[in-house]
Amino acid sequence: MAAYGDSLVPPAVEPLPSQQIGAADAAVLEDLAVGSPDDVLVPAFDASGVRWDIDVRTYAEHPRVQYYLRYFQGPARDRMAVFLERASRFEPMIRRRFETEGLPGDLGYLALIESGYSSEAVSRSHAVGMWQFMRGTGRGYGLRVDTWVDERRDPVKATDAAARHLRDLRERFGSLYLAAAAYNAGAGKVSRSLGKLQWEPVAEPQADTASEPDEDGADTLADEAADSTADALAEAADSADSTEELPGVTSDAAFFRLAESDLLAAETRDYVPKLIAAALIAKQPAYYGFTPAASAPFGYDSLLVSDATGLDVVARLAGTSLAEIRALNPQYLRLATPPRTRAVVRVPVGTGEDVTRGYAAVPASQRVHFLTHVVRKRERLSTIAARYRLTSADLRSANPRLKGTNRPAAGTRLVIPTVAVPSALAMQAVGAHRPHATTSHTHRVRRGETLTAIARRYRVSLPALCRANAIHRDNTLRAGMRLRIPG
């Protein structure tokens, strides 16, 4: 047993590579909503020799798709190359799981625009992991989220939950692109927005008159597909809760008609264009000027444990670094599996049998590190447990000699498993620490004011101001409108 005295400092661990570059990922992903792309020349759409299983061809020339192609090739170029390298690691696993649910594998590129395929990603709204699940949604799809385990960070289990969630949304809306929008904004928001959408009546075509093609091919295709449902939508426009009452609103074109309105936030209106731009580049990286390094597909062997086990112990048995074991098991927030729980720990491919044999030979007392707490005068067991954010039962389990007492004698040395001390990630998972949202306030726009001037006045960044108000930095401000100033 390693004693660290009356200290909360566990053994030093090396940072994950993904944690080191997380800030760069976040800057690119957050700027997706407000970034201004360079004046990059985007190659003309060329589908020769390439197949997509989502509708890329119809919308490849859409202005917002072109916008994000320029963005990925311009300001986000370096990070996009990193994202594409990660894609080669995770895409095979994601594609297999999606196809099992009857979903197109290319829908898996949502992970690129959501998180850059990072299991460490955390949004400002506390969505977590590769698939950016909120806590409630993740739990609704069977993911464990507590101070020991946050399976939103587990690339395998989170991908399984995302596949089932997107399957349910596709079944509800009948459209992959509406399902994607609902994944971003929520199904209720998309349903209500569809119910409020006003559709233009369709003029009856003349029997002997050939219609001339519109100059904007992408918009024309979207409009024609959407206008074919106009009559049905007009009759059902009062519906606000379910697309089941909106017959015909099940085409991908319906998303683009919805995106032309102001019923959805800017982030959601651009969500599908980002997906299409990502799919275009991911399937043709060289055509768009990328040469991403190839990564070995995500693979692993497994070790089954029945009680708390430190990841450092597993790393030693596997003959690898703690960072590699953490990368395979990002869901374990305290660098250990939870106590009194059967859990699977992923280990590098080819090491499973050796690790299993080695683990069986390790005494239970050596499978986790410990620190000690010296009891002070009049200190209660419940108080000590609360200090380390443990339950009294967990503390008693680590100290069997306490028996039934709640007031151990002063000077008693108690064993505190280091795995039981929650990390910052653990507390974040259950929402123990929140940003000071109450410090935000509003600003009433005066005539002639600009977003840049307002951001400078309140000493906030322009991207943060734009995100807080779901607007683009080139939007024109109206005198009298109110802007939320992030705290």
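Cation-pi check for Arg57 over Trp52 is not met; the charged atom does not lie both under 6.0 angstrom from the ring centroid and within 45 degrees of its normal.
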* Quick one: do Asp106 and Lys283 satisfy salt bridge (charged side-chain N to carboxylate O under 4.0 Å, His left out)? Show the steps, please. => CA-CA 9 Å; Asp106 290 347; Lys283 284 290 185 73; 3.1 Å; yes
* Passes side chain to side chain contact (heavy atoms under 4.5 Å, CB included), Phe256 versus Val272? Steps please. -> CA-CA 9 Å; Phe256 283 90; Val272 170; 4.0 Å; yes
* Asked: Going through the distances and angles, do Arg167 and Glu171 end up as a side chain to side chain contact (heavy atoms under 4.5 Å, CB included)?
  -> CA-CA 6 Å; Arg167 175 205 63 200; Glu171 290 176 355; 3.8 Å; yes
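At a threshold of 4.5 Å between non-hydrogen side-chain atoms, the residues Ser118 and Gln132 do not count as touching. A 4.5 Å side-chain heavy-atom check between Lys189 and Leu264 finds at least one atom pair inside the cut-off. Between Pro155 and Arg346 the shortest side-chain heavy-atom distance falls below 4.5 Å. Residues Arg342 and Thr337 fail the side-chain proximity criterion, which asks for heavy atoms closer than 4.5 Å. Counting heavy atoms from C-beta outward, Ser461 and Leu465 have side chains that stay 4.5 Å or more apart. Side-chain contact between Glu151 and Val145 is absent, with no heavy-atom pair separated by less than 4.5 Å. Looking at Phe98 and Leu166, their side chains come closer than 4.5 Å, going by heavy atoms from C-beta outward. Contact check for Phe72 versus Arg79: no side-chain heavy atoms found under the 4.5 Å cut-off.
Using cut-offs of 30° and 60° on the angle between ring planes, the pair Tyr71 and Tyr68 is perpendicular.
Judged by distance alone, the side chain of Asp146 and the main-chain N or O of Val149 form a donor-acceptor pair under 3.5 Å. Side-chain atoms of Ser261 come within 3.5 Å of backbone N or O of Leu258 as a donor-acceptor pair.
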Residues 301-308, side-chain donor-acceptor partners within the protein, below 3.5 Å, at least two apart:
from   : atom 1 : to     : atom 2 : distance (Å)
Asp301 : OD2    : Gly350 : N      : 2.7
Asp301 : OD2    : Thr351 : N      : 3.2
Asp301 : OD2    : Gly352 : N      : 3.1
Asp307 : OD1    : Arg340 : N      : 2.8

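By the 4.0 Å N-to-carboxylate-O rule, Arg51 lies too far from Asp53 to be salt-bridged with it. Ion pairing between Glu101 and Arg164 fails under the 4.0 Å rule for side-chain N and carboxylate O. Under 4.0 Å is where a charged nitrogen must lie from a carboxylate oxygen, and between Asp262 and Lys196 no such pair does. With respect to Glu85 and Arg89, no salt bridge is recorded, no charged nitrogen being found less than 4.0 Å from a carboxylate O.
For Arg170, there are no salt bridge (charged side-chain N to carboxylate O under 4.0 Å, His left out) partners at least two apart in sequence or on another chain.
Using modelled atom types, one finds no donor on one side chain facing an acceptor on the other under 3.5 Å when comparing Tyr59 with Asp252. Of the N and O atoms on the side chains of Thr159 and Trp131, at least one donor lies less than 3.5 Å from an acceptor on the other residue. Side chains of Ser119 and Arg152: a donor-acceptor N/O pair is absent below 3.5 angstrom, by distance only. A donor-acceptor contact under 3.5 angstrom links the side chains of Ser123 and Ser125, judged on distance only.
Applying the side-chain hydrogen bond (donor to acceptor under 3.5 Å, both in side chains) test to residues at least two apart or on different chains, the pairs with a partner in residues 177-188 are Asn184-Glu267, Asn184-Thr268.
The structure places NE2 of His165 at 13.0 Å from CG of Asp160, a figure rounded to the nearest 0.5 Å.
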